[in-house]
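Reading through the structure tokens given below for one structure.
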2 protein chains.
Amino acid sequence: MEKTARLGLERVSRPRLYEQLVEQILAYIESAQLKPGDLLPAERDLAERLGVSRATLAQALVALEVLGVIDVQHGTGAVLARRPSVASVIKGLREHRSRLPEIVEARSTLEGKLAALAASRRTDEDLKAIDHALEVMATEISDGDRGTRGDELFHEAITAAAHSSVLAQLMAFIAEMILETRMESLGQPGRPEQSLASHRRIADAIRDKDPEAAAEAMLAHIELVSDVELLR
Amino acid sequence: MEKTARLGLERVSRPRLYEQLVEQILAYIESAQLKPGDLLPAERDLAERLGVSRATLAQALVALEVLGVIDVQHGTGAVLARRPSVASVIKGLREHRSRLPEIVEARSTLEGKLAALAASRRTDEDLKAIDHALEVMATEISDGDRGTRGDELFHEAITAAAHSSVLAQLMAFIAEMILETRMESLGQPGRPEQSLASHRRIADAIRDKDPEAAAEAMLAHIELVSDVELLR
DNA sequence: CTGGCTCACTGGACTAGCCTCTTAGACAGT
DNA sequence: ACTGTCTAAGAGGCTAGTCCAGTGAGCCAG
């Protein structure tokens with residue numbers, strides 16, 4: 001991955017049929033004004049209408065099930081999940097590919113909280129991992145690199161130190177969004193030295209077990225990084 | 001759905017083969033110490049080892065792809081996604097089914113922010129939807145109900161009023177978790193009248209476009225509701 | 001009216017086969 | 001030797017056909 005990413009290239013992942021089907025079915029649900037609890041057409045029927053085999057349609061249905069859009073019941077059919085919002089949100093995300101400000105907003109909300117939790121829950125091992133990340137970043141920068149690996153490690157260490165698997169999963173979600181929207185740079189520091197300095201402030205607050213200062217430092221850090229990114 | 005849910009019953013969704021396969025493959029990845037970038041065994045091979053057909057295995061792979069665990073490439077194979085953390089987090093969640101405190105924590109973090117955003121971004125239509133939810137809840141309560149539908153509407157209206165699809169999706173994620181962990185009650189008010197009153201405080205702060213008061217009121221509300229739930 | 005049975009319909013899963021894509025290695029030509 | 005081209009093996013993508021297993025409406029006997 002490293003080389004291709006560095007070159008800005010990315011293996012073009014050919015479209016899979018089931019992915020198209022997901023889109024089409026989502027569109028159908030909306031156009032047909034289907035409400036939660038309603039049934040999708042029978043598999044054999046749908047497959048014929050969409051011009052694909054049942055096996056492929058089955059894949060699309062699995063995807064929709066994992067996404068939480070439908071609930072497939074043996075003998076009954078595919079019923080729309082009680083939360084239609086999920087479908088529309090996913091559709092919305094696919095459409096305008098979540099704009100940058102919203103992602104920054106979500107990220108700062110979560111990471112602010114994570115920093116505060118890390119300050120109150122960190123163990124000595126957590127702190128060691130955080131310090132290690134700082135060292136890695138410092139070494140990278142002195143080598144002329146941008147310190148992206150250290151940056152990544154740092155945020156991962158803080159997430160781990162917060163000891164909240166739910167919030168951690170939400171962060172993983174956002175990280176995925178950032179990748180998907182091809183805004184990898186968002187996770188990277190603008191001016192390396194400046195970024196490292198604000199990392200140190202965060203780490204110090206966590207070391208001192210000061211939740212408010214940690215949250216504040218994290219918010220300032222994200223604002224700094226994001227501002228720089230927005231200028232491009 | 002309504003009737004069965006009210007009775008605490010739930011249609012036992014028969015296990016699907018592909019779901020078991022997802023678990024097995026996840027376990028295999030861990031046991032085989034596979035790292036990001038590594039390849040899973042070939043489909044034909046894996047299918048034979050697991051004793052299923054390729055078509056079924058393909059469904060499991062689609063599920064893993066949607067979950068962000070792997071990336072299937074035509075002609076090459078299924079490669080582990082660069083973020084193995086996602087897999088382990090998902091696995092962890094499945095195992096200990098995220099304890100209540102963590103979910104409350106995540107929910108209050110997000111909803112506090114959502115309330116603040118709603119206060120600064122709400123349109124008149126948003127406010128109308130919020131007031132409508134309050135009315136529904138009031139009607140339900142005076143009818144002797146617990147006002148769950150109104151409660152749901154209220155939180156949905158606030159999420160919508162915040163105008164942040166990213167945060168909205170994260171909330172949808174948590175809502176799903178709550179459902180999956182069969183802690184539906186978490187989303188419901190403890191003492192209906194008390195809950196309604198704190199909803200009104202939140203709504204007033206949003207009406208006045210006071211972000212800080214809105215966030216504070218929301219946090220107080222969630223604390224109230226959660227405390228009640230924890231006593232059981 | 002009730003209980004039990006049947007049958008049409010739904011999804012679940014498998015098999016066999018053919019297509020396209022990727023890649024390593026053989027084999028030329030330089 | 002190096003380099004470019006070609007080929008074949010092996011990977012996933014997709015289809016068609018078949019059979020199995022739940023679901024539920026409707027019929028019919030008690």
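Note that this is a predicted model, so its numbers are computed, not measured. Naming convention: chains lettered A, B, ... in sequence-line order (proteins, then strands); numbering from 1 in each chain.
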Grab the N/O contacts between the protein and nucleotides 5-11 of chain C below 3.5 Å, and write none if there aren't any.
| unit_1 | atom_1 | unit_2 | atom_2 | d |
| --- | --- | --- | --- | --- |
| C:dG11 | OP1 | A:Glu43 | N | 3.2 |
| C:dG11 | OP2 | A:Glu43 | N | 2.8 |
| C:dG11 | N7 | A:Arg44 | NH1 | 2.9 |
| C:dG11 | O6 | A:Arg44 | NH2 | 3.0 |
| C:dG11 | N2 | A:His74 | NE2 | 3.3 |
| C:dG11 | N3 | A:His74 | NE2 | 3.1 |

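- As a whole-Å value, the separation of B:Leu21 CG from C:dG12 P is 14 Å.
- Between B:His221 and B:His199, the angle of the ring planes goes over 60°, which puts this pair in the perpendicular group of the 30/60° scheme.
- Residues satisfying the side-chain contact (heavy atoms from CB on, under 4.5 Å) criterion with B:Arg44, sequence neighbours excluded, are B:Arg54.
- Between D:dT15 and A:Thr56, a contact under 4.0 Å exists linking OP1 or OP2 to a side-chain N or O.
- In terms of the side-chain contact (heavy atoms from CB on, under 4.5 Å) criterion, residue partners of B:Thr123 (sequence neighbours excluded) are, by chain and number, B:Glu125, B:Asp126, B:His163.
- In this structure A:Ser53 satisfies the side-chain contact (heavy atoms from CB on, under 4.5 Å) test together with A:Ala55, A:Thr56, sequence neighbours excluded.
- For B:Ala106, the side-chain contact (heavy atoms from CB on, under 4.5 Å) partners at least two apart in sequence or on another chain are A:Val166, A:Leu167, A:Leu170, B:Ile174.
- To the nearest angstrom, C1' of C:dA13 lies 13 Å from CD of B:Gln20.
- Residues that satisfy the ring-ring contact (aromatic ring centres under 6.0 Å, His included) test with A:Tyr18, not counting sequence neighbours, are absent from this structure.
- Across the protein-nucleic acid pair, B:Leu39 atom CG and C:dT22 atom P stand 14 Å apart, rounded to whole Å.
- Taking atom CG of residue A:Asp71 and atom C1' of nucleotide D:dG22, one finds them 15 Å apart after rounding to whole Å.
- In this structure, A:Tyr18 atom OH and D:dG12 atom C1' are separated by 13 Å, rounded to whole Å.
- Look at CG on B:Leu57: it is 13 Å from C1' on C:dC14, rounded to the nearest Å.
- For the pair B:Leu17 CG and D:dA21 P, the computed distance is 13 Å after rounding to whole Å.
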